[in-house]
Amino acid sequence: MTQRRILVTAALPYANGHIHIGHLVEYIQTDIWVRFQKLRGNRCVFVCADDTHGTAIMIRARQEGRSEEALIADMRAAHVRDFAGFDIDFDNYGSTNSETNRDLCHRLWAELRKGDYVTEKSVTQLFDPKAGTFLADRFVKGTCPKCGAADQYGDNCDKCGSTYSPADLINPTSTLSGATPELRSANHLFINIEKLHSFLEEWTQSGEHLQSEVANYLKGHFLGEPLRDWDVSRPAPYFGFEIPDSPGNYWYVWFDAPIGYMASTMEWCQKNGENFDDWWRDEASNLESSPSSEIHHFIGKDITYFHTLFWPAMLKASGCKLPMKVHIHGFLTVGGEKMSKSKGTFVQAASYLKHLDPAYLRYYYASKLGSRLDDLDLSLDEFVDKTNKQLVGGVVNIAARTAKFVGGQTLCETYPADGGLFLFAAAAGEAIADAYERCDYQTVIRTCNELCDRANTYLDEKAPWKLAKQPDRAEEVRQICSVGLNLFRQIIVYLAPVLPRLAQQAGELLNVPITCWEDSNTPLVGTPVAPFQHMLKRVELKQVEAMIEDSKIPDAAVTIPTTANAAAAPVATPVQCETTSCAATPAAGTQPTDGPEALEKEPLVGEMCSIDDFTKVDLRVARVLSASHVEGADKLVQLTLSLGGDVRRNVFAGIKSAYTPEQLVGRLVIMVANLAPRKMRFGMSEGMVCAAGGGGKEIFLLAPDCGAVPGQRVH
RNA sequence: GGCGAGGUAGCUCAGUCGGUUAGAGCACAGGCUUCAUAAGCCUGGGGUCGAGGGUUCGAGUCCCUCUCUCGCUACCA
């Protein structure tokens, strides 16, 4: 068989969040495919990277008071750790915010310019004057112009489903600052992909590169009419790469993200003395010594058109190699529903690993993945069941019930008669390999389960444990166990891409490592058997439930209690003391009637934050030691806060419109003690005091009830 | 609305080119076994293949109509 050269990518995880079990569907799927190709003896390189650019990262970094670089470095480290925990084995893991990527963006851009694909047009967008940035549709909310539903995003309405431009929204507000956005125009750069229409038609419809549903989808949605120009630039401020021939404009994150695939390949090439063009240039691969390479992208269905229209267009226009195949998978649901933070089904990779073995999830996903775009459902009962019944009770059990009789001995010198079992399973190998090749892992697992059943039935019939009681039949026992262990090893070869650790353990048990697919064709003979050791623990539903419990972020954590709740809750006696300027708590028994205005002005944050996220914020009780006006500032008051002992913090607080320095001295406040220090015009501010209200006279400092002392943490 | 994918046992699903009596796992019932991590093996009950029509010697499979479910509907990460 000729050795293929295969470059594989998985989608670049965005540096704005942690890896969760939904992401893992893709990385596990891809890792299995890569390990399969390697086991088959193909050269296969698996590259990935963090996707680091765009408005969302910029905003988050700003909110956290640190640089984008610091944010993405932390997130990258977390991603790398999570992937390693699930045995996802990248040959290179890069970042789109690298000089390699910048260079490649420049190169492709030059090609696009040369081919006259770039045009410039003025775009009118909403601009947030307070945050000083243009607003993507999702950062604008307002009232739907069609049906009048409040609190709708800038591009379409949840309630009536109509789509519109954010400029049409009634009473639009920026979700970043609460400011009213204004319309501003800026020049954007576009790629004219309509020039490649006939190429895209041919490439997408050839049947070779895409699943048929995807080809149909593209045909129905995009290819039936002229393709619109693709807007690939964003005006400053934007976290990304500045466009060399268009100062003040940056490449849109989706321009440089797929180029990140190339950049990661480039880094790998540099480390391994490989030639980049062998992998990404079309014409370079005609040498007989280096057969043509294949590029395979694995992605989720949400980013289909980026990878099946824009990206092939960019590659074609710049003379690069096109993907051999884009493998697209569906989303994860848990218990038939979308993952939910409040239900605890939004499980982060790190939380999973705290409770469960990664092999379970790899096996479970494999048993459910087919070659189509169907969503994959994680049913917790089924998860436990498959792990215990199939993996432990089926596969591992074959070794467990045979190895103990021959541990310390060797396997038979010639492979005994087994009624054709080994040959049968060897013959199944090609069908299993075909299933792997087309990502139909459920067929792989089903076939392996049938092989397991055959092996277990064989052992049941031969009952070596009975013969083991008769010393004169020891050789027979050895023969039966040699068969059993070889059948076990054969199945493990087939499952090695899914269960790399188990394959490793099987190699240790039989003292011959599993190195290639052909290991399934030849039985081991005469080799020593190590004493059997547990390979994989059974899982208990309790452990799964604990993981779910751990992942729960109750709605209550982000929901203002309703008046009914507040009245039902045990009422703490309101305490009036010198630190609180007033007690807003109503007298027990009265029904407070709070209006909806505050919420309307600042809607609840839709995105949940985990307890981990919350505990990152170190809230402390602090006492105002001194307060003074700041010369030349019209909103700021300078505070010296004490956290007890001699720990002091200098804080500039924008509360001058509501408090005089005299009112502040001596009182207790709540401060964010670990907010990154920020250089302000008047000096360093080393924290932030917490207050409610919209500004102006409406600023209300938070204060603890009586008895709290400086330095205490707020939980 | 348009487009796409589906509807097969109580549940999750397989079913190739149209071809014998529609399959598997789980769950359920009964039996065997006691080597193995409360593991293993055998047997059984359970189906108008969403509905209707058509093509055919023959339809879960091909065609048409209807119905229900899910997903997508680009300058949005």
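Values below: all heavy atoms of this structure, side chains included; hydrogens, waters and symmetry mates excluded. Reminder, nothing fancy here: chain letters follow the sequence lines and each chain counts from 1.
- Around atom CD of A:E437, more than 12 heavy atoms belonging to other residues, nucleotides or ligands sit under 6.0 Å away.
- B:G6 is paired with B:C68 under the criterion used here, namely a Watson-Crick or G-U wobble arrangement in which both key atom distances are under 3.5 Å.
- B:U55 makes up no base pair with any nucleotide shown, lacking Watson-Crick or G-U wobble contacts both under 3.5 Å.
- In this structure, of B:U33, B:C41, B:U12, it is B:U33 that holds the atom nearest to the side chain of A:W465.
- When rounded to the nearest whole Å, the span between CD of A:Q205 and C1' of B:G4 equals 13 Å.
- Among the heavy atoms of the strands lying under 4.0 Å from A:K389 are primed sugar atoms or P, OP1, OP2 only; no base atom is included.
- Taking 4.5 Å as the limit, every side-chain heavy atom of A:T133 sits out of range of all side-chain heavy atoms of A:R234.
- When the P atom is used for both B:G31 and B:U21, the distance is 34 Å, rounded to whole Å.
- The nucleotide B:C17 finds no pairing partner, because no Watson-Crick or G-U wobble arrangement with both distances shorter than 3.5 Å includes it.
- Here the separation of B:G71 from B:U65, taken at their P atoms, is 25 Å to the nearest Å.
- Between B:A9 and B:A24, the distance separating the two C1' atoms is 11 Å to the nearest Å.
- Within the 4.5 Å cutoff, the side chain of A:Q490 has no heavy atoms near those of the A:L451 side chain.
- Annotation: B:C26 and B:A22 have their P atoms spaced 22 Å apart (nearest Å).
- Salt-bridge check for A:D418 with A:R454: failed, with every basic side-chain N at 4.0 Å or more from each acidic carboxylate O.
- Judged by Watson-Crick or G-U wobble contacts below 3.5 Å, the nucleotide B:C75 has no partner.
- Residue contacts shown for A:V253 are limited to sugar-phosphate atoms, with no base heavy atom under 4.0 Å away.
- Looking at the side chain of A:K301, the nearest of the listed nucleotides B:G71, B:C35, B:U12 is B:G71.
- When each of A:N456 and A:R372 is assigned the nucleotide of RNA chain B bearing its nearest heavy atom, the one mapping closer to the 5' terminus is A:R372.
- Contacts of A:K368 with the nucleic acid, taken as non-hydrogen atoms under 4.0 Å apart, involve only primed sugar atoms and P, OP1 or OP2.
- At a threshold of 4.0 angstrom between heavy atoms, the contacts of A:N388 with the nucleic acid are absent.
- Base orientation of B:C41: anti (glycosidic angle beyond 90° from 0).
- Atom-to-atom, CD1 of A:I398 to P of B:G40 comes out at 11 Å; the value is rounded to the nearest Å.
- In this structure B:A39 sits in no base pair that meets the Watson-Crick or G-U test at under 3.5 Å.
- Looking at the side chain of A:F190, the nearest of the listed nucleotides B:C75, B:C35, B:G71 is B:C75.
- Between B:G25 and B:U61, the distance separating the two P atoms is 25 Å to the nearest Å.
- One C1' atom belongs to B:C57, the other to B:C68, and the distance between them is 34 Å to the nearest Å.
- Comparing the same atom, P, in B:G60 and in B:C42 gives a spacing of 30 Å after rounding to whole Å.
- Nucleic acid contact class of A:L536 (heavy atoms, under 4.0 Å, all strands): base.
- Heavy atoms of A:K469 sit under 4.0 angstrom from primed sugar atoms or phosphate atoms, though from no base atom.
- Comparing B:C13, B:C75, B:A39 against the side chain of A:D231 picks out B:C75 as the nearest.
- Projected onto RNA chain B by closest heavy-atom contact, A:E213 and A:D377 fall at different nucleotides, the more 5' of which corresponds to A:E213.
- Going from the P atom of B:G53 to that of B:C28 covers 39 Å, rounded to whole Å.
- For the pair A:E545 and A:K542, the salt-bridge criterion is not met [side-chain N within less than 4.0 Å of a carboxylate O].
- Of all nucleotides listed (B:A74, B:A5, B:C13), B:A74 comes nearest to the side chain of A:F222.
- When all heavy atoms are compared, the tightest approach of A:I19 to A:H23 is CA-ND1, 3.4 Å.
- Out of B:C42, B:C76, B:C35, the shortest distance to the side chain of A:D460 is found at B:C35.
- Checking B:U34, B:G40, B:C13 against every side-chain atom of A:R446, the shortest atom distance belongs to B:C13.
- The distance between the ring centers of A:F241 and A:Y250 does not fall below 6.0 angstrom.
- Within 4.0 Å of A:R234, counting heavy atoms only, lie sugar-phosphate atoms of the nucleic acid but no base atom.
- Backbone-only contact: A:N216 has heavy atoms under 4.0 Å from sugar-phosphate atoms and none from a base.
- Shown here is A:K368, whose NZ atom has more than 12 heavy atoms of other residues, nucleotides or ligands within 6.0 Å.
- Phosphate proximity of B:A36 to A:K404: present, with a side-chain N or O under 4.0 Å from OP1 or OP2.
- Heavy atoms of A:G54 sit nowhere under 4.0 angstrom from any nucleic acid atom.
- In this structure, A:K462 places its NZ atom 17 Å from C1' of B:U33, rounding to the nearest Å.
- If you check B:G46 for Watson-Crick or wobble pairing at under 3.5 angstrom, you find it has no partner at all.
- In this structure, A:R228 reaches the bases: a heavy-atom distance under 4.0 Å links it to at least one base atom across the strands shown.
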